[in-house]
Amino acid sequence: MGQFPLTLSRFIIQNQDSHQGATEEFSSLLTQIGLVGKLIAQDLRRAGLINILGMTGDTNVQGETVKKLDAIANDTFVKVFQHSGFVCVLASEEMEKPISLPGNWPHGKYMLLFDPLDGSSNTDCNMPLGASFSILKCDRTDRLPTEEELMRKGTEQVAAGYLLYGSSTMLVYTVGQGVYGFTLEPGIGEYLLSHEQIRMPERGRVYAANEGNYHKWPAGTKKYVDSLKTSDKATGRPYSGRYSGCLVADVHRILLGGGIYLYPGEVDKPDGKLRLLYEANPLALVVERAGGKATTGMSRILEVEPKKLHQRVPLIIGSRRDVETAEAFIQGRA
Ligand code: AFP
């Protein structure tokens with residue numbers, strides 16, 4: 001008889017050694033992220049029935065209109081972690097300032113940065129959504145970290161990953177070396193190991209980009225995307241376009257099957273749209289650990305020095321050879 005797949009909590013315990021210095025506190029933190037995923041997935045499943053679709057009427061720090069589900073997902077992260085004793089600071093794409101836990105509350109040594117609901121324009125039409133998270137370690141234990149101390153290069157992340165709310169709910173993360181994917185088994189409410197040691201193909205056949213912005217892109221980016229539409233010598237086929245409007249879902253497809261996702265800089269908006277600390281860094285760590293690459297077009301995402309908490313960055317991410325080709329076009333070498 002085959003073995004029952006590993007649950008998330010059992011997997012974490014069994015792999016404490018490979019989970020770089022993983023303490024019980026760290027393992028519990030990951031389990032709590034799984035809990036956030038279950039809570040948000042439950043809201044998303046019923047969203048069309050319980051009046052939580054549409055806008056709140058507010059605008060967030062990014063100047064974007066806030067969907068009710070953005071606010072609910074953000075509150076869920078905050079509620080789960082605020083009294084958990086696992087983190088000392090929470091920073092979110094949806095909150096102007098980080099929440100530092102008061103000194104007299106239980107707090108841990110980790111800092112959690114997250115995008116609580118990625119692809120929120122998909123909420124009203126039953127399309128995939130996600131959440132991304134980045135975990136950093138506080139340097140000091142004698143006081144709470146300042147906002148500046150949250151602004152670390154992506155190479156300093158101790159763990160990162162995402163939740164994907166698609167036809168199933170998944171938690172994908174990396175700590176130490178590997179990238180692991182867990183699928184929520186709704187019948188028993190447990191995440192089970194479904195994707196072990198994910199490795200990306202060196203090159204793929206799929207690209208994801210919002211081509212509505214084509215006319216705003218610099219010449220090198222246009223030329224690269226044009227090149228994907230011509231038949232490849234090896235396969236006789238052009239690349240297939242696949243864009244869902246949810247970064248996590250698009251990157252997940254590429255993580256498993258190869259290819260490239262681009263949200264490039266534009267001539268008048270060179271930093272692009274995506275946020276470095278909440279979106280680009282965590283996905284870049286996952287993709288690099290699976291053998292892929294993530295770049296701004298000019299330099300490695302994980303080495304970008306953050307200057308602002310809500311900093312935006314161009315993101316080109318995916319299979320190693322696809323990303324290298326894109327860089328060659330963007331840098332004018334092809
Ligand atoms: P929201 O979470 O604010 O909807 O943004 C989604 C996102 O950051 C990312 O998930 C998508 O890939 C990208 O923006 C979509 O942006 P466009 O609508 O400009 O294509």
Side-chain angles (χ1 to χ4, degrees), residues 36-37 40 43-44 47 52-77 91-96 113-134 160-166 170 172 206-217 221 225 241-255 259-284 286-287 294 296 301 309-318 326:
V36 169
I40 297 176
D43 284 334
L44 294 175
I52 54 172
L53 296 179
M55 306 294 178
T56 59
D58 297 330
T59 304
N60 70 9
V61 59
Q62 323 284 341
E64 298 158 345
T65 48
V66 179
K67 297 231 164 200
K68 288 183 194 166
L69 276 165
D70 280 322
I72 291 171
N74 193 66
D75 284 355
T76 305
F77 267 95
S92 153
E93 184 191 309
E94 293 297 329
M95 305 190 299
E96 186 175 355
L113 295 89
F114 56 93
D115 175 2
L117 199 64
D118 170 55
S120 48
S121 69
N122 285 356
T123 54
D124 298 344
C125 54
N126 202 8
M127 295 273 289
L129 290 121
S132 43
F133 60 90
S134 164
Y162 57 82
L163 290 155
L164 172 61
Y165 311 109
M170 285 192 73
V172 176
V206 161
Y207 74 101
N210 180 348
E211 286 196 79
N213 295 326
Y214 180 90
H215 67 283
K216 302 186 215 164
W217 293 343
T221 308
V225 172
R242 296 282 184 273
Y243 188 71
S244 71
C246 170
L247 169 70
V248 164
D250 289 326
V251 169
H252 183 69
R253 176 201 288 277
I254 287 164
L255 184 77
I260 186 162
Y261 171 100
L262 308 93
Y263 211 108
E266 296 169 4
V267 174
D268 294 331
K269 216 165 75 179
D271 293 336
K273 173 180 182 189
L274 302 176
R275 277 55 48 141
L276 174 63
L277 297 177
Y278 314 111
E279 295 172 306
N281 271 346
L283 293 175
V286 168
V287 162
T296 63
I301 289 287
L309 198 58
H310 295 287
Q311 183 166 327
R312 294 175 192 265
V313 74
L315 177 66
I316 294 143
I317 187 166

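The basis for the numbers below is simple: all heavy atoms, side chains too, and nothing from hydrogens, waters or symmetry mates. Atoms within each ligand, like the ligands themselves, are counted from 1 in listed order.
Nearest to atom 11 (C) of ligand 1 among the protein's heavy atoms is Gly245 O, 3.5 Å. Among all protein heavy atoms, the one lying closest to atom 9 (C) of ligand 1 is Asp118 OD1, 3.4 Å. If you check which protein heavy atom lies closest to atom 14 (O) of ligand 1, you get Lys273 NZ, 2.9 Å. Remark: minimum distance from atom 20 (O) of ligand 1 to any protein heavy atom is reached at Tyr243 OH, 2.5 Å. Distance from atom 19 (O) of ligand 1 to its nearest protein heavy atom, with residue and atom name: Tyr263 OH, 2.5 Å. Protein heavy atom in closest approach to atom 17 (P) of ligand 1: Asn210 ND2, 3.5 Å. Annotation: atom 4 (O) of ligand 1 to nearest protein heavy atom, Ser120 N, 3.0 Å.
Contact check for Lys67 versus Leu117: no side-chain heavy atoms found under the 4.5 Å cut-off. The closest side-chain heavy-atom distance from Tyr261 to His252 is not below 4.5 Å. Proximity of Tyr207 to Arg242: side-chain heavy atoms (C-beta onward) are nowhere separated by under 4.5 Å. Contact of the Tyr263 side chain with the Asp250 side chain is not registered, since no non-hydrogen atoms from C-beta on lie closer than 4.5 Å. The shortest side-chain heavy-atom distance between Ile301 and Leu315 falls under the 4.5 Å cut-off.
Close contacts of ligand 1 with Cys246, meaning ligand atoms under 4.0 Å from a residue heavy atom, involve 10 (O). Ligand-side atoms of ligand 1 in range of Ser121: 4 (O), range being under 4.0 angstrom from any heavy atom. Heavy-atom contacts of Arg275 reach the following atoms of ligand 1: 8 (O) (cutoff under 4.0 Å).
Annotation for Asn210: atom CG counts as buried by contact number, over 12 foreign heavy atoms lying within 6.0 Å.
In terms of polar-atom proximity, defined here as any N/O pair under 3.5 Å, Asn213 makes no such contact with ligand 1. When only interatomic distances are considered, the shortest N/O to N/O separation between Tyr261 and ligand 1 falls below 3.5 Å. At a 3.5 angstrom cut-off on N or O pairs, Asp115 does not count as close to ligand 1. Distances between N or O atoms of Gly119 and those of ligand 1 include at least one value under 3.5 Å. Note: an N/O pair closer than 3.5 Å links Leu247 and ligand 1 by distance alone.
Heavy atoms only, all atoms of each residue included: Tyr243 and Ala208 are closest at CD1-C, 3.9 Å. Closest approach of Val248 to Ser132, counting heavy atoms only: CG2-CB, 4.5 Å.
In this structure, Leu117 counts as a contact residue of ligand 1, since one of its heavy atoms falls inside 4.0 Å of the ligand.
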For this session: Mind running side chain to side chain donor-acceptor pair (under 3.5 Å) on Ser120 and Asp70 for me, showing each step along the way?
Result: CA-CA 7 Å; Ser120 48; Asp70 280 322; 3.3 Å; yes

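Taking the six-membered ring where tryptophan is involved, the planes of Phe77 and Phe114 are essentially parallel, since the angle between them stays under 30° and well short of 60°.
Here Arg312 has no heavy atoms under 4.0 Å from ligand 1, in either its backbone or its side chain.
Inspection of the Asn281 and Ser134 side chains reveals no N or O donor paired with an N or O acceptor under 3.5 Å.
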